[in-house]
Amino acid sequence: MSNDRQARCAVCLGAQPCGCAENGGALALPVREALLSWYLEHARSLPWRGELDPYRIWVSEVMLQQTRVGAVLERYERFLERFPSLAALARAPESAVLEAWAGLGYYRRAQKLQQAARVCVQRHGGQVPADPRAFAALPGVGSYTVGAVQSIAFDAPLPAVDGNVIRVLSRLLCLEQPPAKAAVRRVIERVARCSVEAVAREQQRPTGDWNQALMELGAQRCTPRAPRCEACPLAPWCRARARGCAEALPRRTARAERPEVALAVACAVRDARVLVVRRPPGGLLAGTWGLPAAAGPPEVLESAFGLRPGRELVRWRHVFSHRVWNARALLCTVVGTPPRGAWWPLAELRTERFPSAFRPAVQALADALAVP
DNA sequence: AAAACGGGGCC
DNA sequence: GGCCCAGTTTT
């Protein structure tokens, strides 16, 4: 059975001991050379590629967490124009940072990045720490970000294991168990670490190139669906390709289902301005501006905000990673003491200062006001 | 080990 | 309608 660990390969967990362990778990030299050559020729030209400023590299890595390259492209330069340095980011109001982040999601990333910037200014002379341990201690910096930033900016021999690398190595080694399992993650982590150390030891290329090559392969060739194995530089060594199971890996585990909640959203208008409120500092969309909203039927807006719901403007469904809003926007009148908030011109709500979750309400309100 | 945490593109 | 993306933190 599978609990006969003595017979298993220590590196890939395959049923038999195999060649994996030569090189101490690193990918063999020809494999590394093939991937690095491919990367030099095929790397996409991206604004943060070739960047030397550690701060700008860091910003790109945080924005790219769980986020498509295309979405980052639209906001990266704009963010850096507004916050061109660690010091500029550190002294900005959090609300300004969150506005610049609007639409990217996972707003905690922006909050942590700014907190980290403040630590850098206070304790690291306004620089990004070149010491991996000091960098890892900063808010929002996990193992991936440590490896990515420290390798790209400082040529540190540290792995950067993201979703791409998990997929590439799951296929290359044909890891049949889901990477959610700790044992599988240890294998991937070990191969990534030994490989980047080998690249550094043999001075093949800067370690940042190696880490990015692995990720770039996952983005361009070893894609989640319909991998382009025929054009993959690692195809000759890929066990999943040999067995015809590349597309089936990595194996995913069932995800928890998303609860659905009814949400009442208030559109209170006064003198062509709309009432907006700051969302609570913890929880969903923490700290961002939003329309007053409460779970439940429209009537809850009166008890929650002193806003009496009137005509319904629109209903929509917004899917988050872990829950669903079944939302309805209501034209409201202020009946009690106005809630703490701000009154913004409608146009301000449409300029990417707002989380996307409220977009249908803003659009419907604009339509309603344009056609009285 | 699982859940919280966004948004959007793609099939 | 579900999957997945250059993840981190908390439970």
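Numbered from 1 within each chain, the chains take letters A, B, ... in sequence-line order.
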Mutual orientation of the aromatic rings belonging to Trp325(A) and His318(A) [parallel < 30°, tilted 30-60°, perpendicular > 60°]: tilted
Is it the case that atom [atom1] in [X] sees more than 12 heavy atoms from other parts of the structure closer than 6.0 Å?
{"X": "Arg308(A)", "atom1": "CZ", "answer": "no"}
{"X": "Arg133(A)", "atom1": "CZ", "answer": "no"}
{"X": "Arg185(A)", "atom1": "CZ", "answer": "no"}
{"X": "Arg78(A)", "atom1": "CZ", "answer": "yes"}

Of [range], the positions that come close to DNA chain C - non-hydrogen atoms, cut-off under 4.0 Å:
{"range": "residues 252-262 of chain A", "value": "Arg252(A), Arg255(A)"}
{"range": "residues 129-143 of chain A", "value": "Pro139(A), Gly140(A), Val141(A), Gly142(A), Ser143(A)"}
{"range": "residues 45-52 of chain A", "value": "Leu46(A), Trp48(A), Arg49(A)"}

Just N and O in the side chain of Arg109(A): are any of them under 4.0 Å from OP1 or OP2 of dG6(B)?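 For Arg109(A), the contact criterion (side-chain N or O under 4.0 Å from OP1 or OP2 of dG6(B)) is not met.
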Please confirm whether the shortest side-chain N or O distance from His322(A) to OP1 or OP2 of dA3(B) is below 4.0 Å.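 For His322(A), the contact criterion (side-chain N or O under 4.0 Å from OP1 or OP2 of dA3(B)) is not met.
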Applying side-chain hydrogen bond (donor to acceptor under 3.5 Å, both in side chains) to Arg49(A) and Gln212(A), what does each step give before you reach the verdict? CA-CA 10 Å; Arg49(A) 286 261 161 86; Gln212(A) 292 186 88; 3.1 Å; yes
I'd like to know if Glu230(A) pairs up with Arg221(A) as an ion pair, taking the criterion as any Lys NZ or Arg NE/NH1/NH2 lying under 4.0 Å from an Asp or Glu carboxylate oxygen. no
Any salt bridge between Arg44(A) and Glu216(A), counting N to O under 4.0 Å? yes
Minimum-distance nucleotide to Arg108(A) side chain [options: dC5(B), dA6(C), dC5(C)]: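 Output: dC5(B).
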From the options dC4(C), dT10(C), dG7(C), select the nucleotide whose nearest atom is closest to the side chain of Arg167(A). dC4(C)
Counting the atoms with a prime plus P, OP1 and OP2 as sugar-phosphate, which does Gly70(A) contact under 4.0 Å by heavy atoms, base, sugar-phosphate, or nothing?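 No contact.
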Any base atoms under 4.0 Å from Ala226(A), or only sugar-phosphate, or nothing? Heavy atoms, all strands.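 Answer is nothing: Ala226(A) stays at 4.0 Å or more from every strand.
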Are Phe79(A) and Trp101(A) near enough that their ring centres are under 6.0 Å apart? yes
Under 3.5 Å, N/O pairs linking protein and nucleotides 7-11 of chain B:
{"residue": "dG7(B)", "atom": "OP1", "partner": "Tyr107(A)", "partner atom": "OH", "Å": "2.7"}
{"residue": "dG7(B)", "atom": "OP1", "partner": "Ser356(A)", "partner atom": "N", "Å": "3.2"}
{"residue": "dG7(B)", "atom": "OP2", "partner": "His318(A)", "partner atom": "NE2", "Å": "3.2"}
{"residue": "dG7(B)", "atom": "O3'", "partner": "Gly103(A)", "partner atom": "O", "Å": "3.4"}
{"residue": "dG7(B)", "atom": "O3'", "partner": "Ser356(A)", "partner atom": "OG", "Å": "3.3"}
{"residue": "dG8(B)", "atom": "OP1", "partner": "Ser356(A)", "partner atom": "OG", "Å": "3.2"}
{"residue": "dG8(B)", "atom": "OP1", "partner": "Arg359(A)", "partner atom": "NH2", "Å": "3.4"}
{"residue": "dG8(B)", "atom": "N2", "partner": "Arg68(A)", "partner atom": "NE", "Å": "3.3"}
{"residue": "dG8(B)", "atom": "N2", "partner": "Arg68(A)", "partner atom": "NH2", "Å": "3.0"}

Is there a side-chain contact between Phe354(A) and Leu291(A) in this structure, where contact means two heavy atoms from C-beta onward sitting under 4.5 Å apart?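 Counting from C-beta outward, Phe354(A) and Leu291(A) do come under 4.5 Å.
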For the residue pair Arg278(A) and Trp289(A), would you count it as a cation-pi contact if the rule is NZ or CZ under 6.0 angstrom from the ring centre and within 45 degrees of the ring axis? yes
Round to the nearest Å and state the distance from Gln150(A) atom CD to dA6(C) atom C1'.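 It works out to 16 Å between those atoms.
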In whole angstroms, how far is the C1' atom of dG7(C) from the CD atom of Glu189(A)? 13 Å
Cluster companions of Leu40(A) among Ile, Leu, Val, Met, Phe, Trp, Tyr (side-chain spacing under 4.5 Å):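 None, because no other hydrophobic side chain comes under 4.5 Å of this residue.
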Contacts of Phe135(A) that satisfy ring-ring contact (aromatic ring centres under 6.0 Å, His included) - sequence neighbours left out: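 With neighbours one apart ignored, the set is Trp58(A).
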